[in-house]
Amino acid sequence: MLFKQQALLRQKLFVLGSLAIGSLLYLVARVGSLDRLQPLCPIDGRFGPRGQDEIPLRALQFKRGLLHEFRKGNATKEQIRLHNLVQQLPKAIIIGVRKGGTRALLEMLNLHPAVVKASQEIHFFDNDENYAKGIEWYRKKMPFSYPHQITIEKSPAYFITEEVPERIYKMNSSIKLLIIVREPTTRAISDYTQVLEGKERKNKTYYKFEKLAIDPNTCEVNTKYKAVRTSIYTKHLERWLKYFPIEQFHIVDGDRLITEPLPELQLVEKFLNLPPRISQYNLYFNATRGFYCLRFNIVFNKCLAGSKGRIHPEVDTSVVTKLRKFFHPFNQKFYQITGRTFNWP
Ligand code: A3P
């Protein structure tokens, strides 16, 4: 009898203990999400007086919760109406450059409560078939957002595709354009590495980078090779400048975004006229990945996918030197046009 009572007592204690641990875990998660709001919410005036550009607290609270659901297509018409949610055309586009760090830039900007990202690359302006579907098709591809938020999309192919500047101009001649660049030779090798990985996945063989980047007949840099052409930033930018003034572009240093992301993001916030909300709290270095990752709150962090940050193959130093010499005059021109100088060799 006594033994039975003791067993019952143990069982009760176990249930009570489980409940206590469960509640504790729930509280930690809640505090985590509040913690996430803390550095972003200017409720205690830490970020200066409330201005016109201030984001309502309600919007901050909904950003990670409801909007996430809505974006997944779970919103009912009633919810959308109640929360005044809309699908807005982008006010800013990351137009390139491929392998410059476009995904990292988009994900990091999305930490800002006033920014909503289009998760997928839409390829509306560079793909004739998509473009023929019209601007409403494009708008419907955008995530739900509050009217005061800005939507950003990224499709790196825009930067190098001839028809794109005119098409974007026709949609919105005052749109803000973000270009993230890296040292051109490193970018070209990164571009090659991505293609090489694709070939290897299909069990195909591929040329060495040296063979593609250098014309075997002339021993000069092969300007027909796409990875080389994409890195001649000034040539592409000049096409864009026929439609947009330079003030509408912001150049992001992709090499610095890797090693020191916050100052680069702060420059973008300024360019987009957003109040500074992304803080060091939102970014932490992950030694295993070798990159900065994103922190939304104490519970929710994320690093970029493994396809970002590949190991590059070794490239013959004479080829690297030749390429760097080739890009040099184009880089000088790029610095001159953009007013942003890099320490590229
Ligand atoms: P590598 O794979 O050559 O290292 P994109 O998104 O335009 O394709 O650019 C990919 C590049 O983003 C990667 O090139 C990587 O170096 C860079 N990158 C910048 N910040 C990163 C981050 N926090 N995590 C992973 N990759 C990052």
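Only a predicted model underlies this, so the values are computations on that prediction, with no experimental measurement involved. Just the heavy atoms: all of them, side chains too, but no hydrogens, waters or symmetry mates, feed the values below. All ligand and atom numbering here is 1-based and tracks the order in the structure.
- Atom 9 (O) of ligand 1 has its closest protein heavy atom at Gly101 N, 3.1 Å.
- Considering backbone and side-chain N/O atoms, Ser190 comes within less than 3.5 Å of an N/O atom of ligand 1.
- Both tests pass for Arg295 against the ring of Tyr281: distance under 6.0 Å to the centre and angle within 45° of the axis.
- Seen from the ring of Tyr335, Arg340 does not count as a face-on cation partner, given the 6.0 Å and 45° thresholds.
- Atom 13 (C) of ligand 1 has Gly309 N, 3.7 Å as its closest protein atom, hydrogens excluded (heavy atom only).
- When hydrogens are left out, the protein atom nearest atom 23 (N) of ligand 1 is Tyr292 O, 2.9 Å; that is the closest non-hydrogen contact.
- Here the options are Lys99, Arg98, Arg310, the test is side chain to side chain contact (heavy atoms under 4.5 Å, CB included), and the partner is Ser190; only Lys99 passes.
- In this structure a side-chain-to-backbone donor-acceptor pair under 3.5 Å is missing from His112 to Leu265.
- At under 3.5 Å, not a single nitrogen or oxygen of Met108, backbone or side chain, sits near a nitrogen or oxygen of ligand 1.
- A tilted orientation is assigned to the rings of Phe124 and Tyr131, their planes being inclined by 30° to 60°.
- Salt-bridge check for Glu220 with Lys322: failed, with every basic side-chain N at 4.0 Å or more from each acidic carboxylate O.
- For Tyr292 and Tyr284, the distance between ring centers is not under 6.0 angstrom.
- For Arg310, a nitrogen or oxygen atom sits less than 3.5 Å from a nitrogen or oxygen atom of ligand 1, counting backbone and side chain alike.
- Interface of Gly100 with ligand 1, defined as ligand atoms under 4.0 Å from a residue heavy atom, comprises 7 (O), 9 (O).
- In this structure, the ring of Tyr233 has its center no less than 6.0 angstrom from the ring center of Phe327.
- Among protein heavy atoms, the minimum distance from atom 20 (N) of ligand 1 is reached at Ala104 CB, 3.4 Å.
- In terms of protein heavy-atom proximity, atom 7 (O) of ligand 1 is nearest to Thr102 OG1, 2.6 Å.
- Residues Arg167 and Asp128 are paired through a salt bridge, judged by an N-O separation under 4.0 Å between the basic side chain and the carboxylate.
- Taking distance alone, with nitrogen or oxygen atoms compared against 3.5 Å, Ser307 stays at or beyond that limit from ligand 1.
- At the shortest separation from atom 22 (C) of ligand 1 among protein heavy atoms lies Phe291 CD2, 3.6 Å.
- Hydrophobic clustering keeps Phe159 apart from Val228 (ILVMFWY residues linked when any side-chain heavy atoms are closer than 4.5 Å, directly or through intermediates).
- Below 3.5 Å of separation, one finds no N or O of Gln194 facing any N or O of ligand 1.
- The shell of residues lying under 4.0 angstrom from ligand 1, judged by heavy atoms, excludes Glu107.
- Residue contacts with ligand 1 do not include Pro156, since none of its heavy atoms lies under 4.0 Å from the ligand.
- Considering backbone and side-chain atoms alike, Arg103 places an N or O below 3.5 Å from some N or O of ligand 1.
- Within the cation-pi definition used here (under 6.0 Å to the ring centroid, within 45° of the axis), Lys308 does not qualify as a partner of Phe291.
- Contacts between Arg182 and ligand 1 below 4.0 angstrom, taking non-hydrogen atoms only, involve the side chain exclusively.
- Among all non-hydrogen protein atoms, the one lying nearest atom 16 (O) of ligand 1 is Ile258 CD1, 3.4 Å.
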